[in-house]
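Naming: A, B, ... by sequence-line order, numbering from 1 per chain.
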Number of protein chains: 2
Amino acid sequence: MPANEEKNKELSVKQRLARFLENRKMRKTSERFAILDKIYSSSAHIDVATLHQAMLADGFQVSRATVYNTLDLLIEAGLVRRITLGDGVNRYERILVVNNHHHLICTRCGKVKEMKAVKVVEDLIAHKPRSFEPQYYSLYIYGLCSKCAKADKAVAKERK
Amino acid sequence: MPANEEKNKELSVKQRLARFLENRKMRKTSERFAILDKIYSSSAHIDVATLHQAMLADGFQVSRATVYNTLDLLIEAGLVRRITLGDGVNRYERILVVNNHHHLICTRCGKVKEMKAVKVVEDLIAHKPRSFEPQYYSLYIYGLCSKCAKADKAVAKERK
DNA sequence: TTTACTGCAAATATTTTGCAATATC
DNA sequence: GATATTGCAAAATATTTGCAGTAAA
């Protein structure tokens, strides 16, 4: 991944948060930018506890309450989304309008893979719904990963 | 909606649960079928508290613990899925392999609309991923509903 | 200087667990 | 009758809230 591209993206996200806060006459606190940063530099879909611990480990003192508050703010700003990967745990991930991705979730072992977004879907989303302005979307595909599919077949055979 | 079709569908789901329980040598308790029934006859995406209250209101005595246990079971059986519509509340909905639907979620007011599944997407899912056996999928489209989009534009104008 | 935000700790809400009672096989 | 499953209440987690102190504007 080219470092420049990554840096530009990060800057632009910070700018978007700054603009959002200015529009609403809210304060640009270091916590808000630090949390945004952490989510954008983390491997996708991080949960609150992990996020909070990671920040403390980085030496950035912040309270859980602020993490929760800020996550709601970032969601409202359209910079972060909240998801649950079938296990009921709330996780947070950055929203990349371009270069989106889909989740492949194994219903047996819970493993999550990512798959590059497919253009057809994006076109579809952009044009289909009337009386609705799409901003972004999430596609979750549930099924069996290759390992579990194999194990499943073995069991089925045994039971016959 | 034709009553017959609905009845057949319901029967088949019960049969699928029965088969699942038999395969695992688990017991066919009335609670399990009652909870399955409730989810399948409820308007999509119901949360635990509502589900539990609805069952009590129907005169079906069941504990919260059993509701939680059974939901996990139904998910494992592939009959129900757990989702969160951006608000962090866990909800449960039936899985219809045929006649799937997408969610349109307003990021401002939280309102959820449903949209009939688009065939293109289904084809795509069925064929694309290698080393993965898709069972079903969820597509969430986030954006602004017509009301909020209008309100948003009004505010933007005012601020200029 | 003003007051929006944060941190803390307590309150609330949500989910899980242990074990005796019950119902399925 | 044997034991998997339920119900209950208590424990563990997760999230929200109120308010005094801090820091952004």
Okay, side chain of B/Arg32, backbone of B/Arg27: is any donor-acceptor separation there less than 3.5 Å?
-> yes

Within this structure, what is the CZ-to-P distance between B/Phe20 and D/dA4, rounded to whole angstrom?
-> 16 Å

To the nearest angstrom, the CG-P distance between A/Asp72 and D/dT15 comes to 10 Å

Tightest non-hydrogen contact, residues B/Leu144 and B/Cys106, listed as CA-SG, 4.0 Å

Just how far, in rounded Å, is C1' of C/dT16 from CZ of B/Arg82?
-> 13 Å

Which heavy atom of A/Leu79 sits nearest a heavy atom of A/Tyr40, and at what distance?
-> O-OH, 2.6 Å

Say whether, by atom type as modelled, one donor and one acceptor occur between the side chain of B/His52 and the main chain of B/Val62 under 3.5 angstrom.
-> yes

Hey, is the side chain of A/Ser63 poking within less than 4.0 Å of OP1 or OP2 on C/dC8, counting only N and O atoms?
-> no

Whichever of B/Gly88 and B/Asn69 has its nearest DNA chain D nucleotide further upstream toward 5' | B/Asn69

Residue A/Arg32, side-chain atoms from C-beta onward, closest of C/dT6, D/dT5, C/dT17 = C/dT6

Donor-acceptor pair (no angle test) under 3.5 Å: A/Arg27 side chain, C/dT3 base = yes

Report the nucleotide, chosen from D/dG7, D/dT15, C/dG7, that has the shortest atom-to-atom distance to any side-chain atom of A/Val48.
-> D/dT15

Of the candidates D/dT5, C/dT6, D/dT6, the side chain of A/Thr66 sits closest to C/dT6

Between the side chain of B/Asp87 and the main-chain N/O of B/Val89, is any donor-acceptor distance below 3.5 Å?
-> yes

Would you mind telling me which of A/Glu93, A/Arg94, A/Arg82, A/Glu114 makes a side chain to side chain donor-acceptor pair (under 3.5 Å) with A/His45?
-> A/Glu114

For the pair made of NE2 in B/His52 and P in C/dT15, what is the distance, rounded to whole Å?
-> 13 Å

Relative to the 5' end of DNA chain C, which residue comes earlier, B/Thr29 or A/Gln61, by the nucleotide with the nearest heavy atom?
-> A/Gln61

Contact class for B/Lys25 vs. all strands (heavy atom < 4.0 Å): base, sugar-phosphate, or nothing?
-> nothing

Rounded to the nearest Å, what distance is computed from the CG atom of residue A/Leu21 to the P atom of nucleotide D/dA24?
-> 13 Å

A/Leu56 CG - C/dT6 P separation (whole Å) = 15 Å

Work out which heavy atom in B/Tyr142 is nearest to a heavy atom in B/Thr84; give both atom names and the distance.
-> OH-O, 4.5 Å

Between C/dC5 (P) and A/Ile35 (CD1): distance, integer Å | 13 Å

Once you round it to whole Å, what is the distance between P of C/dT3 and CZ of A/Arg24?
-> 21 Å

Under 3.5 Å, which protein N or O atoms sit close to an N or O of nucleotides 12-14 of chain D? Give each pair with its distance.
none

